[in-house]
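Computation of the quantities below employed the complete heavy-atom set of this structure, encompassing side-chain atoms and omitting hydrogens, waters and symmetry-equivalent molecules. Here, residue 1 is the first one in the sequence, and each next residue gets the next number.
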Amino acid sequence: MPMADAIEIVNRNSTRLQVTLKARAGHAQGYFTEANGKKRNFDLDAALLLRTPRFMRLSLSAFGKTQLVFGSNAEKYWMVQPPANALTWGRHDRAVDPQATDLILRPDLLVEALGIAPLPEETAGESGPVQRITPEYQQLFFIDYDEYSQGYIRKEYWLSRYEPQLVARIIFRDMMGRTVMDSRLSQYKPIGRDGPLLPHRIEMRWPATDNYMLFTARGWKLLPDVDETHPGFQFPLDRGATFKHIVDIDVELDAGQDY
């Protein structure tokens, strides 16, 4: 179908998702690769709270004890490791090295990787999107430009050509064309009888650091009364939390430095 019509279908659904969302009975399993190359598997309960465009809190726990917390708000993103009393964080307005091993997952990309953000309705600009049609997908390519005005594909949205014709895959790339994150979305179901559709299975890969997570949810809940001021969206240091170890990714602080 025409690109504008495909985008309109996605945005008709996304418009109803511009509130805070909470996953019900979330679960996360996968692995991450440490700096020494050793893989560590995880299989954890997952509590996810999010709100476009960047507000998110993902808490992973086992037997009631929190193991990892990933968060993001308008300015910052972070990872908390309660067993190690450690915080790793960065700022959205700074570029993140795709090869960086300081972050197990990429909180700065997680919200968009769920496919709930509206797509731009204007399709004639220098940033695209431009499209490619395959038997299964209508692929939209979004263009960015480096300091020399050289264009490169920054991200790809693959829209399914089958019902419900929503986002089936999102790929984020760096300036060299390498995949930073690959998110595959499936098992779309409505919230309630006539509510918007959300994926209940999200499979995410970070090839540069060899990390992987499969997130599943039994259901979703709309929380229209919860806004960006929710405590879960607050940067830990701003709400008075203290840590033995803090890593500021943007200034490359030593992971062992005490504060």
Side-chain angles (χ1 to χ4, degrees), residues 1-28 45-59 70-74 77 105-123 128-129 131 136-142 155-172 181-204 213-230 232-233:
M1 65 175 67
M3 186 194 304
D5 293 350
I7 291 176
E8 197 276 332
I9 290 175
V10 173
N11 287 351
R12 190 189 313 147
N13 187 67
S14 298
T15 298
R16 305 173 67 187
L17 297 171
Q18 303 313 296
V19 298
T20 300
L21 305 169
K22 181 179 181 180
R24 299 169 53 194
H27 189 81
D45 295 327
L48 176 60
L49 190 71
L50 62 93
R51 182 185 181 96
T52 59
R54 285 178 169 167
F55 295 86
M56 183 271 297
R57 185 182 191 276
L58 172 62
S59 176
F70 300 92
S72 174
N73 59 25
Y77 58 90
L105 305 179
R106 289 282 300 267
D108 58 320
L109 298 178
L110 276 173
V111 178
E112 187 173 1
L114 297 179
I116 60 176
L119 298 175
E121 297 182 359
E122 297 293 332
T123 59
Q131 71 174 350
E136 301 287 333
Y137 304 104
Q138 191 157 353
Q139 300 171 352
L140 307 184
F141 300 141
F142 294 83
K155 60 185 176 183
E156 304 174 17
Y157 270 68
W158 293 24
L159 312 184
S160 174
R161 296 184 64 192
Y162 300 94
E163 293 293 338
Q165 296 177 285
L166 297 176
V167 181
R169 187 177 182 183
I170 304 174
I171 302 173
F172 300 90
M181 181 177 178
D182 187 342
S183 175
R184 299 173 187 244
L185 315 170
S186 59
Q187 297 183 11
Y188 275 90
K189 300 176 185 177
I191 302 177
R193 179 176 297 179
D194 300 313
L197 301 173
L198 267 172
H200 287 56
R201 177 186 170 94
I202 301 101
E203 189 174 10
M204 292 172 275
M213 182 174 74
L214 171 62
F215 176 85
T216 58
R218 186 176 301 171
W220 291 89
K221 185 177 181 180
L222 300 176
L223 302 176
D225 297 327
V226 177
D227 61 16
E228 295 89 345
T229 62
H230 187 277
F233 300 143

Exercise: identify the closest heavy-atom pair between [X] and [Y]:
| X | Y | value |
| --- | --- | --- |
| I116 | V111 | CG1-O, 4.3 Å |
| G195 | R16 | CA-NH2, 3.5 Å |
| A23 | F215 | CB-CZ, 3.8 Å |
| L166 | I9 | CD2-O, 4.1 Å |
| A113 | M181 | CB-CE, 3.4 Å |
| A117 | S14 | O-OG, 3.8 Å |

With heavy-atom distances below 4.5 Å as the criterion, would you say the side chains of [X] and [Y] are in contact?
| X | Y | result |
| --- | --- | --- |
| L49 | F233 | yes |
| I7 | L140 | yes |
| D108 | F70 | no |
| R169 | D182 | yes |
| Y77 | L109 | no |
| L50 | F55 | no |
| L114 | S183 | no |
| P199 | Y188 | yes |

> Parallel, tilted or perpendicular for H200 and W220, by the 30°/60° rule?
Replying inline: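 Rings of H200 and W220: perpendicular, over 60°.
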>> Could you work out, with ring-ring contact (aromatic ring centres under 6.0 Å, His included) as the rule, every residue matching F172, not counting sequence neighbours?
In response: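 Scan of F172 (ring-ring contact (aromatic ring centres under 6.0 Å, His included), adjacent residues dropped) gives none.
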> Can any side-chain N or O of N13 pair as donor or acceptor with the backbone N or O of L197 at less than 3.5 Å?
Replying inline: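 Present.
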> With no hydrogens and no angle check, is any side-chain donor or acceptor of S72 less than 3.5 Å from a backbone partner on R54?
Replying inline: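 A pair under 3.5 Å: yes.
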> Looking at Q138, Q139, E112, which one forms a side-chain hydrogen bond (donor to acceptor under 3.5 Å, both in side chains) with Y157?
Replying inline: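 By the side-chain hydrogen bond (donor to acceptor under 3.5 Å, both in side chains) criterion, Y157 pairs with just one of Q138, Q139, E112: E112.
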> Between E228 and R51, is there a salt bridge with N-O shorter than 4.0 Å?
Replying inline: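 So R51 pairs with E228 through a salt bridge.
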> Is it the case that Q165 and S160 place a side-chain donor and acceptor less than 3.5 Å from each other?
Replying inline: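 No - no donor-acceptor pair under 3.5 Å links their side chains.
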>> For the NZ atom on K22, are there more than 12 heavy atoms of other groups (residues, nucleotides or ligands in this structure) within a distance under 6.0 Å?
In response: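 Not more than 12 within 6.0 Å, no.
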>> Run the side chain to side chain contact (heavy atoms under 4.5 Å, CB included) test on L17 and T52 for me, step by step, so that the C-alpha distance in whole Å, both residues' side-chain angles and the decisive distance to 0.1 Å come before the verdict.
In response: CA-CA 8 Å; L17 297 171; T52 59; over 6 Å; no
